[in-house]
Structures are given as C-alpha cells and as structure tokens.
Amino acid sequence: MIEKIVCDGNEAAAWGVSKAKPDMVAVYPITPQSSLAEYVAQFVADGVIEADLMDVEGEHSVLSVLQGACLAGARTYTATCGQGLAFMFEPYFRTPPLRLPIVMSLVTRDGITPQCVWGGQQDAMTVKEVGWIQMYCETNQEILDTIIMAYRVAEDRNVMLPVNVCHDGNYQSYGVEQVLLPDQEMVNGFLGEKNTNWHVALDPDKPMGVDPLTGGAGGVGPSRFVRYRKGTCNGMQNALDVISAAHDEWAALTGRQYAPLVEEYLLDDADYAIITIGGMTGAGKDAVDEMRLAGENVGLIKIKTFRPFPQAALLDAVSKVGAVGVIDRAVNFGWGCGPVYQEVLGVLYRMEKKIPAVSFIGGLAGADITINDFKNVITTTKRALNGDPPKSTIWINE
C-alpha cells in the first residue's frame, strides 16, 4: 500500500535516505540544511534508518568519516550547504578521483559576504568542476525519488562517482507538499545489492595505501595522474546514460516520470523559451502558462542534471526555438553573468543557426522569483527574438 505524507523538502530527502538504507550517516547541521540532519538523526534513533550515525565536530570530518566508511564497503549519506560545504572542500575534492559513490544532499544556499544564510545556488555552482554529479530537483517528491535514484547512479560500475542531490534552501527545504513513500521491497529491488567498493576494499588483514603521492616531472607518476583524471571524466560521461536508464526504470515502477537530463515544457511549437534550474521552475511554468493564454508562443527548458552537463539533450531542446532567456540563482563573477548561462552559451556555439541568449540573475539571498518576474523575463527574451537583446545581464530583485 502506498503511503502518503505531507512534509517539507528536508523531510522528503530524509525519507529518501531511509528507503535507500545506508550503513553509515555522518552529519553536521547548518542552515537551511539543519532540519534534514535532525530528521535523519531522529530516524536513526527511532529505528527507521538502521545505520551508524556520527555527529562529528564539523563538515570536514563529516566527509572524511564517510570516505573511510565507503572504502570499507558501506553505503553512506550526508547533507550540507553554504559555508559547511566550503569547510568540507578538501575531502570534497578528494572524493571523485577516489571513485567513492557517496550521496549527499546539497540544500543550496547563497554565499557570503555580506552575511547570508538564505537560499541561492552559489554554493553548488562554485564546486561544479570538482567531479561530483549534480542533479537539481523541482518538487519534494522529486527530491525523495532522486535521492534513491542517486544511489543507483553512484554505484553503477561504469560511473562510481559521488552524487549531489540539490534542492533550494528556504523554498524547498521548508516548503510543504504531499509526497508518496515508495514501497520498501520495490526500492530494495531497484537498488539491488550495494556496490560501493568494487575497486578497493580496506581489509585489516591486507594493509594497503590509499591515495598515495603521485605525479612529479618524470617517471610513471604523471601518466598515472592523467589516468585518474581521464577515469573521472569517463565516469561522468557514462553517467548520462545511467541517469536516463535509472529514471526510466523508476518511472516504470512508480509511474513518476522525471526528465533525467533536460525537460521540455510546451516547447514543440514555441518561438522562444526560458531556461530554469531547480525549484524556480514551478513559477516559471505558471508564467509560461499565463503568457500562453495571452497569445505568446513561449516554452520552458528545465535543466535537471547539471553535472555531467547534458550537451546533446540541451542542444536538441534549444534548436527548436529562436531565442532563450536563462535564469540563474548564482553569479559567475569572472563573466558577469550566471553559471548556467555560461554553460548554455557553450551549447549554442554548436548550433549552425545562431540565436540570441539573455542572462538573468535572480533569487539571490532567498529572494523570490515571482510569476511577474518570469513574465518580465519572457517579455525581454521576446524582444531579443525580435532583434533587440539587452547588452548585459539583467539582475532581478535589485
């Protein structure tokens, strides 16, 4: 029997963790992730999650603990955000080349300074080149389901990489919706036997070195180092197919179909489109619906998987329209635009027909991106379609 509950996004993530049945959980609370750590700790205390829980002294230790546990064969989980992620950076950088399939929720948060504990995606976008898979969720149900699918992706032998399941701080961490809890036996069959250490397994009877010094100006060191980098890149690219297959199988089991890489919304007959990522997408779809009723031929493209970047899927989507407006919740300081916008430009370069693209940055420091904001984005993107693009990034909420 399918159980329905009403919960916020952080609790939905915790329920997803409970269904994935990790062996080891390590947490350190930080806003807006704190209640997620508390839900997981309560679930462990109540026996809902039969895992060892370590409440350590900081985020650096959180991930270091999980690296050791994963090397010993444990399925692992944690969650963090913002400055906690920054404190975790050293082991965070080390996890992908070690090929450790750790799953971590990123309850995304804007960065300091000035002081800020509210939503945004600056934390996740800042670490996008480190080698973690990143998937962004639109609803609480998608958060729960994606946590489970993340283990399937991370532990695939052709991937073997850590996964961040991202949901927006404040709006999704505390926003309440109905979610359906999947049947445990069904999840067990979907995930199968955990496969966390096919490449290396710590054994006290067989001492071995992990992550030895490699590199230098000559010898075999640089060659080995290159193999590590190429292996991580290959795993990331393999993940595109594995993510799609996991979503297809999950849809067959549950009836809940999410676009694994890029979702197209009212795009087939659209003249132009807006591009979104994460929780903002719902308001974007509402704005598209209202503008459609007003006679505007606009569509929406949602990016779910940001790392690896779904170049082919996005190229197919943007090829259907004559202009795009890209909305970011983070800043690329070096380019004076948003990081998603910069990625979209790379895909547009591969199109034979050049189309205008407009950069918008909104939702910083927990600010709302309203339906009216999206309508303004749509109007500006239409002007670009008609030959009048803005000359620089447009800042929403200023």
Say whether, by atom type as modelled, one donor and one acceptor occur between the side chain of Lys19 and the main chain of Pro182 under 3.5 angstrom.
yes
Evaluate the ring planes of Phe87 and His60, with Trp represented by its six-membered ring, and classify them as parallel (under 30°), tilted (30 to 60°) or perpendicular (over 60°).
tilted
Cluster question for you: counting only ILVMFWY and a side-chain heavy-atom cut-off of under 4.5 Å, with indirect links fine, are Val176 and Leu181 together?
no
Assess the residue pair Arg307 and Glu343 against the criterion (salt bridge (charged side-chain N to carboxylate O under 4.0 Å, His left out)); give the C-alpha distance rounded to whole Å, side-chain angles, the decisive distance to 0.1 Å, and a yes or no.
CA-CA 11 Å; Arg307 283 293 181 270; Glu343 302 281 336; 2.7 Å; yes
With distance as the sole criterion, is a donor-acceptor pair present between the side chains of Asp123 and Thr126 under 3.5 Å?
no
Check this for me: Met236, atom CE, are more than 12 non-hydrogen atoms of other residues, nucleotides or ligands nearer than 6.0 Å?
yes
What about the rings of Phe306 and Phe309, do their centers lie closer together than 6.0 Å?
yes
Inspect the surroundings of CD in Glu129 and state if more than 12 heavy atoms from other residues, nucleotides or ligands are less than 6.0 Å away.
yes
Exam field: side chain Gln172 to backbone Glu138, donor-acceptor pair closer than 3.5 Å:
yes
Validation row: Leu266, Asp289 side chains within 4.5 angstrom (heavy atoms):
yes
Could you tell me whether the side chain of Met125 reaches within less than 4.5 Å of the side chain of Val340, counting heavy atoms only?
yes
Show the numbers, then the answer: is there a side chain to side chain contact (heavy atoms under 4.5 Å, CB included) between Lys375 and Ile371?
CA-CA 6 Å; Lys375 287 181 176 178; Ile371 293 176; 4.0 Å; yes
Do the side chains of Leu100 and Val56 join up, straight or via other hydrophobic residues, at under 4.5 Å, putting them in one cluster?
yes
Taking every non-hydrogen atom, the tightest pair across Val48 and Ser18:
CG1-CB, 4.0 Å
Side chains of Ser35 and Glu11, heavy atoms from C-beta outward: is any pair under 4.5 Å?
no
Are the side chains of Tyr174 and Asn10 in touch, meaning some heavy atoms are under 4.5 Å apart?
yes
Do side-chain atoms of Asp373 reach the backbone of Thr370 as a donor and acceptor pair under 3.5 angstrom?
yes
Show the nearest heavy-atom pair for residues Val324 and Val318, with the distance to one decimal.
CG1-CG1, 4.2 Å
Backbone N/O of Val331 and side chain of Gln122: donor-acceptor pair under 3.5 Å:
yes
Shortest non-hydrogen contact between Ser105 and Leu36, atoms and distance
CB-CD2, 3.7 Å
Would you kindly check if the NZ (Lys) or CZ (Arg) of Lys304 is within the cone defined by 45 degrees around the ring axis of Tyr258 and under 6.0 Å from the six-membered ring centre?
yes
In residues 346-360, what donor-acceptor pairs under 3.5 Å come from side-chain atoms, sequence neighbours left out?
{"unit_1": "Arg350", "atom_1": "NH1", "unit_2": "Gln311", "atom_2": "OE1", "d": "3.0"}
{"unit_1": "Lys354", "atom_1": "NZ", "unit_2": "Tyr349", "atom_2": "O", "d": "2.8"}
{"unit_1": "Lys354", "atom_1": "NZ", "unit_2": "Met351", "atom_2": "O", "d": "3.0"}
{"unit_1": "Ser359", "atom_1": "OG", "unit_2": "Thr393", "atom_2": "OG1", "d": "3.1"}

Tell me yes or no: between the side chains of Asp145 and His247, is some donor less than 3.5 Å from an acceptor?
no
Under 6.0 Å between ring centres, would you say that holds for Trp15 and Phe43?
yes
Locate the shortest heavy-atom distance separating Ala124 from Cys166; write the atom from each residue and the value.
CB-SG, 4.4 Å
Least distance between heavy atoms, Ala79 atom then Met104 atom
CA-CG, 4.1 Å
Please check if the side chain of Glu263 supplies one atom and the backbone of Ala259 the other of a donor-acceptor pair under 3.5 Å.
no
Do other residues, nucleotides or ligands put more than 12 heavy atoms under 6.0 Å from Glu193 CD?
no
With clusters defined by side-chain heavy atoms of hydrophobic residues (ILVMFWY) lying less than 4.5 Å apart, directly or transitively, does Tyr341 cluster with Ile275?
yes
Determine whether Leu144 and Asn140 satisfy the following criterion, side chain to side chain contact (heavy atoms under 4.5 Å, CB included), listing intermediate values before the conclusion.
CA-CA 6 Å; Leu144 188 157; Asn140 291 354; over 6 Å; no
With rounding to the nearest 0.5 Å, note down the distance linking CG in Asp52 to CE in Met24.
5.0 Å
Is any side-chain heavy atom of Lys21 closer than 4.5 Å to one of Glu50?
no
Polar side chain donor-acceptor pair, Tyr28 to Thr78, under 3.5 angstrom
no
Side chain to side chain contact (heavy atoms under 4.5 Å, CB included) with Cys137: which of Thr146, Thr281, Ile147?
Thr146
Side chain proximity check, Met186 to Thr254, heavy atoms < 4.5 angstrom
yes
So, Tyr151 side chain and Thr76 main chain: donor-acceptor pair closer than 3.5 Å or not?
yes
Which side-chain N or O atoms in residues 212-221 pair as donor and acceptor under 3.5 Å with protein atoms at least two apart or in another chain?
{"unit_1": "Thr214", "atom_1": "OG1", "unit_2": "Pro212", "atom_2": "O", "d": "3.2"}

N/O donor-acceptor pair under 3.5 Å between Asn397 side chain and Gly362 backbone:
no
Nearest 0.5 angstrom please: Ile327 CD1 to Ile274 CD1, how far?
4.5 Å
Looking just at side-chain N and O atoms, do Gln121 and Asp168 make a donor-acceptor pair shorter than 3.5 Å?
yes
Taking every heavy atom of Leu240 against every heavy atom of Pro310, the minimum-distance pair comes out as CD2-CA, 4.2 Å
Say you draw a straight line from CG of Asp286 to CG of Leu300; how long is it, rounded to the nearest 0.5 Å?
10.5 Å
For the side chain of Asp316 and the backbone of Ala312, is there at least one donor-acceptor N/O pair under 3.5 Å apart?
no
Does the pair Ile396 and Val377 meet the rule for a side chain to side chain contact (heavy atoms under 4.5 Å, CB included), with working shown?
CA-CA 9 Å; Ile396 304 169; Val377 168; 4.0 Å; yes
Output the distance between atom CG (Leu71) and atom CG (Leu98), rounded to the nearest 0.5 Å.
6.0 Å
Hydrophobic clusters here meaning ILVMFWY residues chained together by side-chain heavy-atom distances under 4.5 Å, can you tell me if Val130 and Ile102 are in one?
yes
Quick one about Ser173 and Gln33 (side-chain donor to acceptor, distance below 3.5 Å, no hydrogens or angles considered), yes or no?
no
Under 3.5 Å, side chain of Arg256 to main-chain N/O of Gln141, donor-acceptor pair present?
no
Same cluster or not: Ile112 versus Leu364, using hydrophobic residues (I, L, V, M, F, W, Y) connected whenever any side-chain heavy atoms lie under 4.5 Å apart?
no
Do Asn164 and Tyr92 have side-chain atoms, one donor and one acceptor, less than 3.5 Å apart?
yes
Nearest 0.5 Å, what's the CZ-CD distance between Phe190 and Glu249?
5.5 Å
Before giving the answer on side chain to side chain contact (heavy atoms under 4.5 Å, CB included), spell out for Ile369 and Arg329 the whole-Å C-alpha distance, their side-chain angles and the decisive distance to 0.1 Å.
CA-CA 9 Å; Ile369 308 177; Arg329 291 197 70 184; 4.2 Å; yes
Side chains of Leu106 and Thr80: closer than 4.5 Å at any heavy-atom pair?
yes
Test item: Val103 and Val17 side chains (from C-beta on) under 4.5 Å apart, heavy atoms
no
Under a 3.5 Å distance rule, please check whether Asp328 uses its side chain to pair with a backbone N or O of Ala330 as donor and acceptor.
no
